[in-house]
Chemist: 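Below you will find the structure I want to go over with you.
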2 protein chains.
Amino acid sequence: MVPSGQEADNQPLHVAISEQLKAKIESGKYEPGERLPSEFDLGEAFGVSRTTVRKAIANLIQQGLVTTQQGKGIFVTEQHKITFSMSNPLMTFDAALRQQGYQGRVQSLRFQRVKASPEISHRLQLSTRGAEVYWQEKIIYADESPIALDMVYYPETIGKSLSAQLQAGFTYSTLLANGIDLNAAKVTLESIPATYELSEYLAVPLGMPLLVFNYVAYQGNHQPIVCGKTLSRSDWTCYNAEINLD
Amino acid sequence: MVPSGQEADNQPLHVAISEQLKAKIESGKYEPGERLPSEFDLGEAFGVSRTTVRKAIANLIQQGLVTTQQGKGIFVTEQHKITFSMSNPLMTFDAALRQQGYQGRVQSLRFQRVKASPEISHRLQLSTRGAEVYWQEKIIYADESPIALDMVYYPETIGKSLSAQLQAGFTYSTLLANGIDLNAAKVTLESIPATYELSEYLAVPLGMPLLVFNYVAYQGNHQPIVCGKTLSRSDWTCYNAEINLD
DNA sequence: TAGTGGTCTAGACCACACG
DNA sequence: GTGTGGTCTAGACCACTAC
């Protein structure tokens, strides 16, 4: 009883419906930003219950094709993509944003002195046991959209002396402006689905992919200056690199 | 009427339930690989309908914490993570797999001569219009798990002469074994949610994050030898790099 | 006030796994 | 056969948005 005749059979109804809607989105029949018919209307159009329509919409949300707004409707996702160079680790965020036509801004959620965990001690090569570090969490915005959550650890001396500036601006710019030149880094990149907590910070649906950029950055003399991780919305961000094995 | 007393209020029931289950998983009360109670039993335990339990389980699936198997049950996800070095682009897959204790294997889905698209022509720096290239799609396995889908384009001469070997093995190993030495690459890394098609190839739920490793690899003389993209399960894979700006 | 998506229920039937 | 997750229904109420 697939209504608007289509598709191979023995496919669940909600899949058939979401695939039909997906085709309309990808072919441009529903344009980015456009509102889809309401769940009720879609149910009537396809001859199914609202529950089934909602499952179909959930499929589209998981694929990042639409978002929903309570009281307003279902909207086709608009595309953005900002590329960050791995050759100048994360800290180029502000320059990269500016260069690609966005206004960058940070919102500091937390900036406090804490006892370094063994892992952080190791990454920052702190020799004294139980040394203190500064721990910052901040949200990075491109224009008005939150696109990344940055969790950073600074050695005590740096965090203390640059406290005010680090809370107001971007990490790399602040360090550079104070004569601290980073010229090496060890990084890893992976991806995780957004938890509830992260989905609220970054205004994404539960489970949406986030890129995790894990880094330790060093000064010329191999002294670690900062480490941390940047969790960024994968629908907004991309990393690139040029590799030479010579 | 939140049953097993807990949590702030005005949180949806399905969220409260999934967060409780999540806590039990992360604290180890449900161990990796272990089966959770059935949907029916969970519904009784929490005093909610099966629909609500299913929504809670869906939340956990989206966060990568559990997987379901029809007829069998709900199981806590087991953790794996294989790290690939970006300094030796994608092609080190087999060496990296072996080194980290997995048996690597490829399954070729397609290997055929096609007319190069403008994009591929550009990436491979093909001068003649409408040149032909070899297009390969293959699935990469770690032991018995599919972990990546590799889509590769080779210039005609290479694809033709190494046809049999490229279909049977890993790209980099095959090229190296034939005296083709890659020593530079341009790469980008991003992440996307799995579509239906990809979720079937890689045996993951719809929407699970996939890492997209996009690459063009060059021979010493700056000649592009191969380009393509590797879509890998983000729960299995991680990329790292060491960066020097000296 | 009307329309939208968000939550939740109770119940039905199906497909698959296992003994 | 029994138990499991997968699909689907019909209907209720709530929260939010807009007019």
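Note on naming: letters A, B, ... go to the chains in the order of the sequence lines (proteins, then strands), and numbering restarts at 1 for each one. Since this is a predicted model, take the numbers as computed values, not measurements. Heavy atoms only: backbone and side chains are in, while hydrogens, waters and symmetry mates are out.
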Chemist: Which part of the nucleic acid, if any, lies within contact of A/Ile74, taking any heavy atom under 4.0 Å across all strands shown: a base, the sugar-phosphate backbone alone, or nothing?
Modeler: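 The residue A/Ile74 makes sugar-phosphate contact but no base contact.
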
Chemist: Could you please name the option among D/dT17, C/dG5, D/dG11 that lies closest to any side-chain atom of A/Thr51?
Modeler: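 Side chain of A/Thr51 sits closest to D/dG11.
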
Chemist: D/dG5, C/dT4, C/dC18: which one has an atom nearest the side-chain heavy atoms of A/Asp41?
Modeler: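 It is C/dT4.
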
Chemist: Rounded to the nearest angstrom, tell me the gap between atom NE2 in B/His14 and atom P in C/dT9.
Modeler: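 Whole-Å distance recorded here is 12 Å.
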
Chemist: Output the rounded distance in Å from CZ (A/Phe75) to C1' (D/dT17).
Modeler: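 The distance from CZ of A/Phe75 to C1' of D/dT17 comes to 10 Å, rounded to the nearest Å.
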
Chemist: Does a side-chain N or O of A/Arg54 approach OP1 or OP2 of C/dG6 to a distance below 4.0 Å, or not?
Modeler: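 The answer is yes; a side-chain N or O of A/Arg54 sits under 4.0 Å from OP1 or OP2.
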
Chemist: Give the rounded distance in Å between these two atoms: CZ of B/Phe46 and P of C/dC8.
Modeler: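 Between P of C/dC8 and CZ of B/Phe46: 13 Å.
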
Chemist: Could you tell me the separation between the CD atom of B/Glu39 and the P atom of D/dT4, rounded to a whole number of Å?
Modeler: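 Computing the B/Glu39:CD to D/dT4:P distance gives 10 Å.
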
Chemist: Which listed nucleotide (D/dG6, C/dC8, C/dC18) is nearest to the side chain of B/Lys72?
Modeler: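 Closest nucleotide among those given: C/dC18.
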
Chemist: Identify which nucleotide among C/dG5, D/dT9, C/dT9 has an atom closest to any side-chain atom of A/Leu13, counting heavy atoms from C-beta outward.
Modeler: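 Shortest atom-to-atom distance from the side chain points to D/dT9.
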
Chemist: If we ignore angles and hydrogens, is there a donor and acceptor under 3.5 Å between the side chains of B/Arg54 and B/Asn59?
Modeler: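 The answer is no; no qualifying pair exists.
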
Chemist: Which is more 5' along DNA chain C, the nucleotide nearest B/Pro12 or the one nearest A/Gly71? Just name the residue.
Modeler: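 The residue mapped nearer the 5' terminus is A/Gly71.
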
Chemist: Without decimals, in angstroms, what is the distance between A/Phe40 CZ and D/dT9 C1'?
Modeler: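 After rounding, the gap between these two atoms is 14 Å.
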
Chemist: Crowded around A/Gln103 CD? As in, over 12 foreign heavy atoms under 6.0 Å?
Modeler: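 Open.
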
Chemist: How about CD on A/Glu31, more than 12 heavy atoms from neighbouring residues, nucleotides or ligands closer than 6.0 Å, or not?
Modeler: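 Atom CD in A/Glu31 is not crowded, with 12 or fewer foreign heavy atoms closer than 6.0 Å.
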
Chemist: Please state whether the phosphate of D/dC8, meaning OP1 or OP2, lies under 4.0 angstrom from any side-chain nitrogen or oxygen of A/Ser49.
Modeler: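 No, no such contact exists.
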
Chemist: On DNA chain D, does the nearest nucleotide to A/Val53 precede the nearest nucleotide to B/Ile61 from the 5' side, or the other way round? Give the residue.
Modeler: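 Counting from the 5' end, the first nearest nucleotide belongs to B/Ile61.
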
Chemist: Tell me whether the rings of B/His80 and B/Tyr102 are parallel (<30°), tilted (30 to 60°) or perpendicular (>60°).
Modeler: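 Ring orientation of B/His80 relative to B/Tyr102: perpendicular.
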
Chemist: Between C/dC16, D/dC8, C/dT7, which one does the side chain of B/Gln70 approach most closely?
Modeler: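 Nearest nucleotide to the side chain: C/dC16.
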
Chemist: Looking across every strand, which nucleic acid part, if any, lies under 4.0 Å from B/Thr68 by heavy atom: base, sugar-phosphate, or nothing?
Modeler: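 Sugar-phosphate contact only.
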
Chemist: A/Arg50 has an atom CZ; how far is it from atom P of D/dA10, in whole Å?
Modeler: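 Value for this atom pair: 14 Å.
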
Chemist: Take B/Tyr196 and A/Glu19 through the side chain to side chain donor-acceptor pair (under 3.5 Å) test and state the conclusion after the steps.
Modeler: CA-CA 9 Å; B/Tyr196 268 110; A/Glu19 291 294 283; over 6 Å; no

Chemist: How long is the line joining CD of A/Gln11 and P of D/dC8, in whole Å?
Modeler: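 Value for this atom pair: 10 Å.
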
Chemist: Could you tell me the separation between the CD atom of A/Glu44 and the P atom of D/dA10, rounded to a whole number of Å?
Modeler: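 Result: 12 Å.
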
Chemist: Phosphate oxygens OP1/OP2 of D/dC8: is one of them under 4.0 Å from a side-chain N or O of A/Thr52?
Modeler: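 For D/dC8, neither OP1 nor OP2 has a side-chain N or O of A/Thr52 closer than 4.0 Å.
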
